[in-house]
Structure formats: C-alpha cells, structure tokens
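Below is one structure, written out as structure tokens, with a few remarks after it.
Computed over heavy atoms, backbone and side chain alike; hydrogens, waters and symmetry mates excluded. Read the numbers this way: they start at 1 and go in the same order the structure lists the ligands and their atoms. By convention here, the first residue in the shown sequence is residue 1.
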Amino acid sequence: MLKKIPIPGIGHRVKSTKNPDKRVELLKDYARRNFPKIELLDYALEVERVTTSKKENLILNVDGTIGVLLVDLFKAIGYSNEEIDKMIEAGAFNAFFVLGRSIGFIGHYLDEKRLDMPLYRHPTDDILYDVKRPEGI
Ligand SMILES: CC(C)(COP(=O)(O)OP(=O)(O)OC[C@H]1O[C@@H](n2cnc3c(N)ncnc32)[C@H](O)[C@@H]1OP(=O)(O)O)[C@@H](O)C(=O)NCCC(=O)NCCS
C-alpha cells in the first residue's frame with residue numbers, strides 16, 4: 001500500500017464499510033461458526049482495518065475473502081503451507097473462483113430465458129482491470 005501496489009483482494013467499486021458486501025458477511029459468519037481456526041481471515045481483516053482507514057471502499061472483497069478462507073480451510077484439513085503454495089501456483093484456487101461464479105452465470109442464463117431477454121452484455125469499462133499488459137499487445 002505504501003509502495004502504491006494494490007493489495008490483492010482489497011477494494012470494491014461499490015461496496016464499502018457503509019455498504020458492506022452481504023456475500024462477504026455470510027462467508028465470514030460461516031467460517032467463524034464452522035472453521036476450527038480463521039488465522040488468515042483475521043490477518044486479512046487487520047489489513048482491511050488499515051486500508052479502510054484510508055478509504056472506505058478499500059474493504060476485503062468477496063474474492064479476497066474466498067482466497068483467505070480457502071487457505072484457512074486447507075490448513076484445517078491438514079495441508080502444509082508448502083502444499084497450499086503449490087496448489088495456488090497450480091491455479092487450484094482459481095478453479096474454486098470459477099466454480100462460484102458459474103452458479104451466478106447459470107442464474108443469469110435462466111433469468112434471461114425466463115424473461116425472454118437478450119443475452120446481457122456488461123459494459124466493458126466496468127470489467128477492465130488495472131493490470132500491466134503482456135509484452136507485444
Ligand atoms: C479497488 C478499486 C475498485 C477502487 O477504486 P476507486 O474507489 O476509484 O479508488 P482508486 O482506484 O482511485 O484508488 C484510491 C486509492 O486507494 C488505493 N488502492 C486502490 N486499490 C487498492 C488496493 N487493492 N490495495 C491498496 N490500495 C489500494 C489507490 O492506490 C489509491 O491511493 P492514493 O489515493 O494514495 O493514490 C480500483 O482501485 C480498482 O479497480 N483497482 C484495480 C483492481 C483491483 O485492484 N481490485 C482489487 C483486487 S482483487
């Protein structure tokens with residue numbers, strides 16, 4: 001943050017401390033009630049405490065929450081830090097992310113069919129991420 005590098009999993013365009021993300025609230029609540037330990041979630045919430053003191057929309061977002069809770073989950077079932085790092089490198093956590101989003105896509109698809117609407121196209125400006133372009137593009 002001090003070096004102006006965005007912290008992954010922090011920040012949302014709409015959600016903020018005043019307008020919390022219900023999905024994040026539900027995930028945190030579930031983990032608090034069911035996980036034996038939530039060390040990484042607690043750490044991420046400490047980070048959020050610092051970032052939201054700067055700007056109220058620099059919250060722990062839903063993807064960040066899923067990411068840290070997956071680590072807490074794998075630790076709880078006995079995976080070592082090295083094994084978890086290997087899974088992250090192999091993209092296993094992204095697979096969980098895709099799985100979660102797929103349920104949303106199915107919902108949109110069914111709504112469009114039910115309401116006889118054309119396929120929804122989200123405005124491109126709203127989905128562009130602030131990342132470095134690969135060389136040659
Ligand atoms: C997160 C985001 C939606 C916030 O949008 P915004 O309210 O318009 O705020 P800005 O982008 O102008 O950033 C405001 C300040 O917060 C900081 N900031 C933004 N995202 C941050 C993050 N993830 N971690 C730490 N600081 C962050 C910016 O550096 C900026 O600091 P400055 O005022 O000292 O220059 C936007 O920064 C964004 O889309 N970032 C790229 C994607 C991203 O990083 N998403 C979150 C990670 S999954």
Pairwise side-chain contact, His12 with Asn19, heavy-atom cut-off 4.5 Å (strictly under):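 SC-SC contact between His12 and Asn19 ruled out.
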When you look for heavy atoms under 4.0 Å from ligand 1, do you find them on the side chain of Ile7, its backbone, both, or neither?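 The answer is both.
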Asp63 and ligand 1 - part of the residue with a heavy-atom distance under 4.0 Å: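 Neither part.
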Option nearest [atom] (shortest heavy-atom distance, choices [options]):
| atom | options | value |
| --- | --- | --- |
| atom 26 (N) of ligand 1 | Leu58, Val47, Val50 | Leu58 |
| atom 6 (P) of ligand 1 | Lys55, Arg13, His12 | Lys55 |
| atom 4 (C) of ligand 1 | Asn57, Leu60, Val62 | Asn57 |
| atom 47 (C) of ligand 1 | Gly67, Gly9, Gly64 | Gly9 |

Would Lys54 count as being in polar contact with ligand 1, using the rule that some N or O on each side must be under 3.5 angstrom apart?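 Yes, Lys54 has an N/O under 3.5 Å of an N/O on ligand 1.
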Short N or O distance, Ile5 and ligand 1, threshold 3.5 Å exclusive: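 No.
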salt_bridge(Arg32, Asp29) N-O dist < 4.0 Å: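 Looking at Arg32 and Asp29, the cut-off is not met.
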Can you list the residues that meet the side chain to side chain donor-acceptor pair (under 3.5 Å) rule with Lys15, with sequence neighbours excluded?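 Lys15 satisfies side chain to side chain donor-acceptor pair (under 3.5 Å) with no other residue.
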For Pro6, the ligand 1 atoms whose distance to one of its heavy atoms is below 4.0 Å: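 Those qualifying, in numeric order: 22 (C), 23 (N), 24 (N), 44 (O).
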Would you mind listing which atoms of ligand 1 come within a distance below 4.0 Å of any non-hydrogen atom of Gly11?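 Listed by number with element, the hits are 1 (C).
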Using the rule that two of Ile, Leu, Val, Met, Phe, Trp, Tyr join whenever any of their side-chain heavy atoms come within less than 4.5 Å, decide whether Leu26 and Phe97 are in one cluster.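 Different clusters: Leu26 never reaches Phe97 through Ile, Leu, Val, Met, Phe, Trp or Tyr contacts under 4.5 Å.
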Expected output: side-chain Asp72 to main-chain Leu41 donor-acceptor under 3.5 Å: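 A pair under 3.5 Å: yes.
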Indicate the ring-plane relationship of Phe93 and Phe74, choosing parallel, tilted or perpendicular according to the 30° and 60° boundaries.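 Parallel, since the angle between the ring planes stays under 30°.
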Taking ring pair (Phe, Tyr, Trp, His ring centres under 6.0 Å) as the definition, give me every residue that meets it alongside Tyr120, ordered by chain and number, with sequence neighbours left out.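 Tyr120: ring pair (Phe, Tyr, Trp, His ring centres under 6.0 Å) contacts with His122.
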